[in-house]
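Structure record follows, encoded as structure tokens.
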2 protein chains.
Amino acid sequence: MSDKGSSLLDIRKMRILQAIVDDYIMTAAPVGSRTVSKRSDMGLSPATIRNEMSDLTELGFLEQPHTSAGRIPSEKAYRLYVNHIMDSAKLTDDEADYIKRHLDTRVHEVGEVIRQTAKVLSDMTNYTSMVMSPQFSAMRLKRISLIPVSEGSAMAVVVTNNGVTKNAMIRVPETLQPEDLEKISKLITAKLDGHKLGEAINSVLPMIKSEVGEQADAVCDMLTSIEESLSETDVEVVGASNILDYPEYSDASKARSFLTEVESGSYLQKVLSDASDVEMSVRIGTENDNPDMKDCSVITVTYKAGGENIGSMGVVGPTRMDYGKVMAILRYMSSSLSDILSKLIK
Amino acid sequence: MSDKGSSLLDIRKMRILQAIVDDYIMTAAPVGSRTVSKRSDMGLSPATIRNEMSDLTELGFLEQPHTSAGRIPSEKAYRLYVNHIMDSAKLTDDEADYIKRHLDTRVHEVGEVIRQTAKVLSDMTNYTSMVMSPQFSAMRLKRISLIPVSEGSAMAVVVTNNGVTKNAMIRVPETLQPEDLEKISKLITAKLDGHKLGEAINSVLPMIKSEVGEQADAVCDMLTSIEESLSETDVEVVGASNILDYPEYSDASKARSFLTEVESGSYLQKVLSDASDVEMSVRIGTENDNPDMKDCSVITVTYKAGGENIGSMGVVGPTRMDYGKVMAILRYMSSSLSDILSKLIK
DNA sequence: TGTTAGCACTCATCCCCTTCGAGTGCTAAC
DNA sequence: GTTAGCACTCGAAGGGGATGAGTGCTAACA
């Protein structure tokens with residue numbers, strides 16, 4: 001049996017597989033030949049479907065929980081479904097409306113927008129949503145202000161040229177006076193203006209050094225720890241408890257390990273970071289290299305501001321996820337968020 | 001039968017009740033007379049215990065799931081237990097050690113300390129923990145810096161005299177230039193220095209007004225929205241999924257409503273705010289005026305800095321909670337956190 | 001040669017029934 | 001007042017059918 005790539009199933013098998021996946025996504029119950037025969041309007045008898053399903057099982061697209069149950073899709077099936085089969089759903093007018101109404105464009109702070117986005121995403125999909133805040137590494141700086149907090153520590157407020165801000169507590173030499181910090185702020189703001197922080201450290205720092213004289217080392221340390229702080233990305237996760245609505249997580253220990261993993265956030269953060277350059281990515285089941293997520297799928301999209309990718313967001317749910325709907329929602333949300341941010345941060 | 005206040009059970013009933021509550025807290029299973037007779041070294045036969053248990057049931061301290069099961073404590077019993085019966089446990093050396101090792105005193109940022117505290121609290125108790133960040137209303141200001149972000153918006157960084165910081169994005173008139181903001185920052189910092197923000201708005205504002213002339217209204221608006229932002233208290237919640245370890249939450253829908261409530265955070269925030277003046281408070285079951293929390297108990301303590309209460313933290317778990325241990329841990333953590341903050345923010 | 005009806009077979013689920021045992025409440029004796 | 005004894009209760013656990021959804025195979029059909 002020659003397997004010239006999994007996409008080369010004949011049309012009929014494709015349609016049967018689609019019917020099975022669609023049904024299983026809705027019901028979470030193994031799908032039998034009779035059901036397929038009735039639901040897919042192909043005019044084939046259950047017996048014929050059975051033969052095809054048997055083939056599909058042999059090819060690894062279907063699995064049988066036990067002899068006399070129906071079939072459930074394998075990961076391979078979901079992969080094929082996502083890549084080649086599924087109807088790429090359009091949002092209904094109601095759904096688009098809902099998003100428009102709940103993403104309040106009057107909000108004027110980036111963090112608030114991020115939180116709203118996560119909330120809407122989770123409410124609409126009924127899965128767990130996550131939204132990464134815009135990444136600084138891609139943005140150009142406008143200003144860095146050092147504000148004295150106590151002897152030996154200061155808060156650095158970094159503002160980008162598109163109006164996103166972030167703060168970092170840093171240590172400063174105790175000898176530095178508030179006025180010194182103000183001077184340094186002005187100096188590094190003048191020098192860094194328009195650069196990205198990462199490159200600034202290398203190319204601009206030497207120039208700064210020559211001007212600050214004895215405080216050169218201190219300034220260098222400060223910039224380094226600012227850069228460190230800024231490279232930490234915040235992720236807003238909402239709706240983790242939605243997972244309990246799905247029967248595959250009715251087992252408390254499975255739910256527990258999912259929720260613990262989500263609460264720690266480290267894996268999700270990694271996925272979002274990794275996905276920050278592909279427009280849309282889908283990880284199905286064990287494609288997540290994390291055993292706690294082996295029964296989950298994670299779908300991410302990037303969002304932009306000023307034509308550049310500056311962050312990503314996504315949805316986590318059971319592998320039996322409504323891929324079409326979620327992908328449609330994510331696409332729409334991505335462009336909504338990009339619009340809002342572009343306006344917000346000009 | 002005269003009931004002169006629930007605390008007036010005779011000694012023997014108290015000890016029996018204690019044995020039952022202790023056992024039930026450990027096992028989550030109804031406790032029978034034989035068990036009590038064996039475990040409590042009172043040298044009484046099961047039959048005698050049965051008579052007492054019957055009385056305790058009549059008095060409302062015990063409940064019977066069904067005729068042939070043992071008894072479980074009622075809320076009233078937990079209340080009595082907490083108020084009058086339980087041994088106020090001491091931490092073991094191991095536990096105290098664990099806290100010392102994991103509350104890193106070298107951390108120099110308040111938010112980080114809060115997060116660590118919540119993590120340790122949840123890890124040690126295996127319940128859900130929550131820690132409120134220090135409240136600004138009680139603290140005196142040292143500095144307010146306005147940093148231009150984009151036309152029409154600025155970030156206000158507020159620093160208290162004990163080194164706690166918080167930021168707020170605010171709108172500013174588009175006509176204001178960066179230099180104006182700098183001037184205003186210096187002015188309000190000079191005037192507000194040492195005052196609490198709330199009182200400052202009323203007493204200091206008039207003075208400021210006279211000095212800023214035409215910008216008086218703008219400054220007033222700015223201060224008002226800063227005050228608004230600062231009065232929002234952040235709560236760090238950790239370990240929500242721990243609840244799934246307890247059999248009383250093996251029912252998915254119960255777990256779901258608990259987790260949803262916790263995720264929203266609004267009730268917990270309310271509890272922490274309400275509890276901010278009593279050293280330790282315990283809410284058992286329906287004493288929480290929130291139906292989703294009717295099977296939970298919430299214990300809170302306050303923490304201090306510079307001798308003043310500036311925040312609170314707590315633990316949420318099933319009513320069958322290890323009150324003695326949790327209260328001991330909270331007491332210890334409260335003083336640890338107070339110490340750390342007092343040092344950190346001098 | 002692909003499609004279909006027919007049929008025996010499998011196996012999880014449901015329901016009923018029994019058994020088991022932990023626990024109670026009552027009574028009578030110590 | 002305390003305790004042993006005993007009948008009674010009732011949930012939990014376990015053991016069959018009965019049910020029915022679904023399969024795979026075979027033989028007939030177009």
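Here the structure is a predicted model, which is why all the values come from computation and not from measurement. The sequence lines fix the lettering, A, B, ..., with proteins before strands; numbering per chain opens at 1.
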Can you give me the N/O atom pairs linking the protein to nucleotides 9-13 of chain D at distances under 3.5 Å, or say none if there are none?
| unit_1 | atom_1 | unit_2 | atom_2 | d |
| --- | --- | --- | --- | --- |
| D/dT9 | O2 | B/S68 | OG | 3.2 |
| D/dC10 | OP1 | B/T67 | OG1 | 3.2 |
| D/dC10 | O4' | B/S68 | OG | 3.4 |
| D/dC10 | O2 | B/S68 | OG | 3.2 |

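Side chains of B/D322 and B/Y127: no donor on one and acceptor on the other come within 3.5 Å. A side-chain donor-acceptor contact under 3.5 Å links B/R71 and B/T57. A/E95 and A/T92 form a side-chain donor-acceptor contact under 3.5 Å, judged by distance and modelled atom types alone. Side chain to side chain, B/E75 and B/T319 fail the donor-acceptor criterion of an N or O pair below 3.5 Å. Side-chain atoms of A/S45 and A/T48 form a donor-acceptor pair, as typed in the model, at a separation below 3.5 Å.
A salt bridge is defined here as a Lys NZ or Arg NE, NH1 or NH2 lying under 4.0 Å from an Asp or Glu carboxylate O, and A/E248 with A/K254 fails to meet this definition. Salt bridge A/R12/A/E52: present, at least one basic N to carboxylate O contact under 4.0 Å. In this structure, B/E287 pairs ionically with B/R79, as a charged nitrogen and a carboxylate oxygen lie closer than 4.0 Å.
Counting 5' to 3', DNA chain C first comes under 4.0 angstrom of a heavy atom of chain A and last does so at the ends given by C/dT3 to C/dA12.
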Next item on the list: Test side-chain hydrogen bond (donor to acceptor under 3.5 Å, both in side chains) on B/N288 and B/Y267 and set out the steps.
Entry: CA-CA 9 Å; B/N288 293 293; B/Y267 178 68; 2.7 Å; yes
Next item on the list: Tell me, with the steps shown, if B/R256 and B/T260 meet side-chain hydrogen bond (donor to acceptor under 3.5 Å, both in side chains).
Entry: CA-CA 6 Å; B/R256 170 81 215 246; B/T260 308; 3.3 Å; yes
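Sorted by residue number, the members of residues 42-53 of chain B with any non-hydrogen atom under 4.0 Å from DNA chain D read B/G43, B/L44, B/S45, B/A47, B/T48, B/R50, B/N51. The stretch residues 19-34 of chain A touches DNA chain D through A/G32, A/S33, each having a heavy atom within less than 4.0 Å of the strand.
Within a 6.0 Å sphere centred on CE of A/M42, other residues, nucleotides and ligands contribute more than 12 heavy atoms. The neighbour count for A/K119 NZ, taken as heavy atoms of other residues, nucleotides or ligands under 6.0 Å away, does not exceed 12. Dense packing is recorded around NZ of A/K270, with more than 12 heavy atoms of other residues, nucleotides or ligands lying under 6.0 Å away.
A/R71 has no side-chain polar atom (N or O) that falls below the 4.0 Å cut-off from OP1 or OP2 of D/dA21.
For the ring pair (Phe, Tyr, Trp, His ring centres under 6.0 Å) condition, no pair includes a residue of residues 14-56 of chain A, sequence neighbours left out.
Counting heavy atoms from C-beta outward, A/I20 and A/R15 have side chains that stay 4.5 Å or more apart.
In this structure, the CD atom of B/Q64 is 18 Å from the P atom of D/dC8, given to the nearest Å.
When the local axes at the two ends of the helix from C/dT1-D/dA30 to C/dC30-D/dG1 are compared, using 5 base pairs at each end, they differ in direction by 20° after rounding to 10°.
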